[in-house]
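Data first, discussion second: the structure below is written as C-alpha cells.
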Amino acid sequence: MKQFLCVLLALTLLLVLAACAPKPYAPAGGTTGDAALDGQVLAVLQGVCASKNSLADNVRAVYDWVANEIQYRASTADTSNGFTEEVTAQLAGEVLAKRRGACDGEAALMAVLLRRMGCEAVIVEGQFLREDGSEWVDHAWVIACIDGKYCHLDPLYGRYYAEDAMESYCMATDAFLLSTHRWDAEQYPACK
C-alpha cells in the first residue's frame, strides 16, 4: 500500500509540474510557405519569445536578437521591383542562414519574424543620414503594427549608429526617426 501511495504521489507531482511548466511560444501569424525558412523562424521565435510576455516585450526580444545576432555585410540583392513576398522570404532565409546581411536583408528578416508573430509589417525603402551629416544613404527598415499602433523598427541603424540608444530604434515614432531617417510618408502608415 505504501508503494502504491508513493507512486500515486509521484505521478500527481509530475502532473502538477507539467501543468506549471511554461508553454512554448506559439506565434499567431501565418507562415511564408517555405518550410525550411518557417522552421528556422519558429526556432528563433521560440528561443527568444515567451508565451507569458506581452506582444511588445516579445517584439523587443526579437529586435534585440536581430540587432545582436546579425552582422552587417554589404549586399547586392535586387529589390528594384520592391520587397515582394518572394524577395522578402529569400532575403530573410539568406540572413538567417549566414547570420549576416545588409539593411534590406535585416529588414526582410525582421518583417518575416514580426508577421509570424501576427503583426502587420511592411519594409520601408528610405534613407538615413550619415553620422557626420554629410549625405543621405539608401536604407531599409520596418514599420509594424504592435498592439494597434504603428512604429518603426531599425535594428541595423540602432546597432551601428545609435551607440547607447539602440533601443530607441525599436518601436520608434515618425517624430523621433525624422532626425536620422527619411522616407515617403504617404506610402507608409503613420507612426505616432
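All of these numbers come straight from a predicted model, not from anything done at the bench. Atom set for the values below is all heavy atoms of this structure, side chains included, hydrogens, waters and symmetry mates excluded.
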>> Strictly by side chain to side chain donor-acceptor pair (under 3.5 Å), give each pair with a member in residues 95-110 just once, sequence neighbours left out.
In response: E106-R159
Which atom pairs, donor and acceptor, lie under 3.5 Å between side-chain atoms of residues 62-73 and protein residues at least two apart or in another chain?
residue : atom : partner : partner atom : Å
Y63     : OH   : M166    : O            : 2.7
N68     : ND2  : D64     : O            : 2.9

> Does atom CG of D184 have more than 12 heavy-atom neighbours, drawn from other residues, nucleotides or ligands, at distances under 6.0 Å?
Replying inline: yes
Partners meeting salt bridge (Lys or Arg N to Asp or Glu O under 4.0 Å) with [X] (sequence neighbours left out):
X: E186; answer: none
X: R130; answer: E135
X: D57; answer: R60
X: R116; answer: none

Can you find a side-chain donor-acceptor pair between [X] and [Y] that sits under 3.5 Å?
X: H181; Y: W141; value: no
X: Q90; Y: E86; value: no
X: S134; Y: D132; value: yes

Side chain proximity check, [X] to [Y], heavy atoms < 4.5 angstrom:
X: V112; Y: T32; answer: yes
X: C151; Y: T173; answer: no
X: R115; Y: T88; answer: yes
X: V142; Y: D154; answer: no

According to side-chain hydrogen bond (donor to acceptor under 3.5 Å, both in side chains), who are the partners of [X], at least two apart in sequence or on a separate chain?
X: E125; value: none
X: R182; value: Q127
X: D78; value: S80

> What is the distance from atom SG of C119 to atom CG of D147, rounded to the nearest 0.5 Å?
Replying inline: 8.0 Å
Considering only distance and modelled atom types, tabulate donor-acceptor pairs under 3.5 Å from the side chains of residues 40-53, sequence neighbours left out.
residue : atom : partner : partner atom : Å
Q46     : NE2  : Y25     : O            : 3.0
S51     : OG   : K23     : O            : 3.3
S51     : OG   : P24     : O            : 3.2
N53     : ND2  : N58     : OD1          : 3.4

Heavy-atom pair of closest approach, residues [X] and [Y]:
X: A102; Y: L156; result: C-CD1, 4.0 Å
X: Y169; Y: A162; result: CE1-CB, 3.5 Å
X: C191; Y: I143; result: SG-CG2, 3.7 Å
X: G33; Y: D38; result: N-OD2, 3.1 Å
X: A140; Y: I123; result: CB-CG2, 4.2 Å
X: A56; Y: I146; result: CA-CG2, 4.2 Å

> Linking I/L/V/M/F/W/Y whenever any side-chain heavy atoms sit under 4.5 Å apart, do W136 and L177 land together?
Replying inline: no
> Honestly curious: do Y160 and L129 fall in one hydrophobic cluster under the side-chain, below-4.5 Å linking rule?
Replying inline: no
> Do D34 side-chain atoms and A89 backbone N/O form a donor-acceptor pair below 3.5 Å?
Replying inline: no
>> Tell me if a side-chain donor or acceptor on D174 pairs with a main-chain N or O of A190 at a distance below 3.5 Å.
In response: no
> Y150 and Y188: aromatic ring centres closer than 6.0 Å?
Replying inline: no
>> Give me each pair satisfying ring pair (Phe, Tyr, Trp, His ring centres under 6.0 Å) with a member in residues 98-131, each pair once, sequence neighbours excluded.
In response: F128-H139, F128-Y157, F128-Y161
>> Tell me which pairs pass ring pair (Phe, Tyr, Trp, His ring centres under 6.0 Å) where either residue lies in residues 93-121, with sequence neighbours left out.
In response: none
